[in-house]
Amino acid sequence: MRKLLLCFFFSILLPSAFAQHLIQGRVFDAQSKKPIAGASVYINNSSSGTSTNKEGEFSLTSRNALIELIVTSVGYQKSSTQVSLPLQEKEVRIELQEQSTEIEEIVIRGSLKDGWARYGKFFEENLLGVGYFAENCTIKNKDVVKFQYSEKNKVLTAYCTAPLLIYNKDLGYELTYDLVDFSMDYKTQMFYFAGYALFKDIGKGKKKFEQNRRDAYQLSITRFAKSTYNLSWAEDGYVVRKLVKKENEVRRDAKAKYSELLNTVMKKYNGQWGRFFASQQEYTEQMVSDMRKQMSQPERISYLMDVVKPEEVVRRVDGRDDLKWISYADFLYVINPAAFEHSKRKMIQQSAYEVTELYLQRQEEGVVIDAFGSYFPSDNWVLNGHAVNFSKLAFLLPIDYVFSEGERK
C-alpha cells in the first residue's frame, strides 16, 4: 500500500470551519501517466464516495478541515492521502502503483484452512465490538477473511481478499471496510487493527437509528476530541487527570536476581533447588518464593496526578482557526461525565465515571484535530480502557455525521 502525503500552504484568511469544501482531483497510472477511469475514490470514515470518469477526474465535498482520501482500482495498490482543506491547489493529483499478485498468492497459500472456525469469533469481537450494537452488527462476506498464525512469534494475523461488507442493524449503516491490518501478539498481549471505511446510510430519518447514533456519539472518542478542540472538557462533563506510569523497579530487580540464581542452580546443582538451599545460607526458600511473587507484579506502576485542563495539551494552532495541534507527555486519564448516570439509556447510564487512558505513541508528532473531532494521525492516539470497545466498528459513526442539539445534556 502506498501512502501519499500532500503538503499545502495554509492561508490566514479562511472560510468558516463549517463550510463544505470542494475536493477535485485526478488519478493516474504511476508508470504510464495515463488517467485511470472507474477508480473508487472516497473519504475515509465517511459516507462520501465517487468514481473517476474516463479522464481520471473526480469531485467530492467535505465539511472537515482534514480528511484521508482513499483511492482503489483493480490491479493497483490502494492509495491513502492526507488532505488539508480548503485546497490551496487546483486539484489533487494521485498516482497509483501496479499491484503485485505474486505476494498475495503466497499469503493465500499460507492461510489456515480452518481459520474462521478457530478465530472467527475472536475476529468479530475485536473488530466489531462486544454487546449492545455489536449484537446486531454482522459481516456479510466472512469467506473473504483469511488467517495466519506464527507459532514461533505467537502472532495471529488476519487479512481480507476483498473489502468486508458489514451491516449494522442498530445504527442503520451498511459499511464497506477495507481491512489494512489485524494482528494479535499473544506474547505482549497487544492487539491492533486498522482499515478504511465507507458508510451507506440506510436508516436516515428513522427515530430508532437517530437515538442509537446519538448514544454512540456520546461515548465516542470523537466527542472527546471535539471537546478538546473546543477547550470544553468541564462543560461537556469530562474530568481529565494526568497519569504517570513508571517501571516497577521491585519487579525488575527481582527478575534480575532470580535469573542469576536460576542460572547458578541449573549449572552447579543440576536444577535442584533443595541442594542449592542446603549449600548456602544467603538465600532461603522463602526469599526465593518472595522473588517469584515480586516477578508477577505489573511491569509498571501508575501514579494518578493533578487535574489537567485542555489548554495544557493544546500546543499550537499553526496559523489556522480550524485546526488545533495537541501534544502531551505520559497519559490522559479521562473520566466519563457523571451526568451519564441520569440517562434513561442503559448503555449511557452504565458508562458514567468509566475511565479511558489516552497516550501518544509519538509525542513529538502529536495529533491534529479539526472542529468536528476528526484527528490525524489516528494511529498515534492510543486508547486503553472503556472507550476501546466503543471505538470498534459496531459503534463507529461517519465523520460527516451531524450531532443534533442537546449534545451536552
Side-chain angles (χ1 to χ4, degrees), residues 1-9 21-62 64-109 141 144-146 157-166 174-183 192-200 368 374 376-380 398-400:
M1 177 181 67
R2 182 181 181 186
K3 185 167 184 177
L4 305 176
L5 297 179
L6 302 186
C7 298
F8 301 96
F9 294 100
H21 305 299
L22 178 64
I23 310 149
Q24 292 180 311
R26 299 184 70 188
V27 180
F28 297 89
D29 182 295
Q31 279 70 45
S32 69
K33 308 303 179 184
K34 293 181 179 179
I36 300 176
S40 174
V41 184
Y42 64 93
I43 298 172
N44 186 29
N45 288 336
S46 81
S47 57
S48 183
T50 187
S51 297
T52 57
N53 62 19
K54 63 181 181 180
E55 301 299 327
E57 300 169 332
F58 67 88
S59 178
L60 292 168
T61 60
S62 175
N64 294 81
L66 279 173
I67 63 166
E68 191 172 14
L69 200 62
I70 310 302
V71 182
T72 63
S73 184
V74 177
Y76 292 92
Q77 299 176 35
K78 70 173 65 67
S79 165
S80 167
T81 307
Q82 184 176 312
V83 178
S84 175
L85 301 174
L87 292 178
Q88 299 302 303
E89 302 290 336
K90 182 179 179 181
E91 65 178 19
V92 179
R93 180 186 176 95
I94 297 175
E95 296 185 352
L96 299 184
Q97 298 283 351
E98 289 187 3
Q99 177 74 51
S100 172
T101 58
E102 182 179 350
I103 296 177
E104 184 175 338
E105 290 173 357
I106 293 174
V107 173
I108 291 175
R109 288 198 297 269
N141 56 341
V144 305
V145 184
K146 308 298 178 184
T157 57
Y159 64 94
C160 298
T161 57
L164 291 169
L165 304 177
I166 300 170
E174 284 183 353
L175 185 63
T176 300
Y177 191 75
D178 195 346
L179 186 70
V180 174
D181 191 4
F182 183 101
S183 61
Y192 176 76
F193 81 90
Y196 306 123
L198 178 64
F199 289 78
K200 179 181 178 183
V368 178
S374 294
F376 294 90
S378 57
D379 69 334
N380 197 27
I399 60 174
D400 45 12

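Worth knowing before you read on, the calculation uses all heavy atoms, side chains too, and leaves out hydrogens, waters and symmetry mates. The first residue of the sequence shown is numbered 1, and numbering continues consecutively from there.
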At their closest point, which heavy atom of [X] faces which heavy atom of [Y], and how far apart are they?
{"X": "S48", "Y": "D400", "result": "N-OD2, 4.0 Å"}
{"X": "G195", "Y": "Y177", "result": "N-OH, 2.9 Å"}
{"X": "Q77", "Y": "L96", "result": "O-CD2, 3.8 Å"}
{"X": "L179", "Y": "A194", "result": "CD1-O, 3.7 Å"}

ask   = Would E95 and R93 pass as an ion pair if we require N to O under 4.0 Å?
value = yes
Nearest-0.5 Å distance, [atom1] of residue [X] to [atom2] of residue [Y]:
{"X": "F58", "Y": "I94", "atom1": "CZ", "atom2": "CD1", "value": "4.5 Å"}
{"X": "Y192", "Y": "D379", "atom1": "OH", "atom2": "CG", "value": "5.0 Å"}
{"X": "L165", "Y": "N141", "atom1": "CG", "atom2": "CG", "value": "4.0 Å"}
{"X": "N64", "Y": "H21", "atom1": "CG", "atom2": "NE2", "value": "8.0 Å"}
{"X": "L198", "Y": "E174", "atom1": "CG", "atom2": "CD", "value": "10.5 Å"}
{"X": "D29", "Y": "E98", "atom1": "CG", "atom2": "CD", "value": "5.5 Å"}

task = Would you mind listing every salt bridge (charged side-chain N to carboxylate O under 4.0 Å, His left out) that reaches into residues 37-50, with sequence neighbours excluded?
result = none
Side-chain donor-acceptor pairs of residues 34-45 under 3.5 Å, sequence neighbours excluded:
unit_1 : atom_1 : unit_2 : atom_2 : d
N44    : OD1    : A197   : N      : 2.8
N44    : ND2    : E68    : OE1    : 3.0

query = Okay, side chain of Q99, backbone of Q97: is any donor-acceptor separation there less than 3.5 Å?
reply = no
inquiry  = Could you work out, with side-chain contact (heavy atoms from CB on, under 4.5 Å) as the rule, every residue matching S59, not counting sequence neighbours?
reply    = L22, Q24
request  = Just do the side-chain contact (heavy atoms from CB on, under 4.5 Å) check on I70 and D178 with the steps written out, would you?
outcome  = CA-CA 10 Å; I70 310 302; D178 195 346; 5.6 Å; no
query = Going through the checks in order, is the side-chain contact (heavy atoms from CB on, under 4.5 Å) test met by L85 and I67?
reply = CA-CA 8 Å; L85 301 174; I67 63 166; 4.1 Å; yes
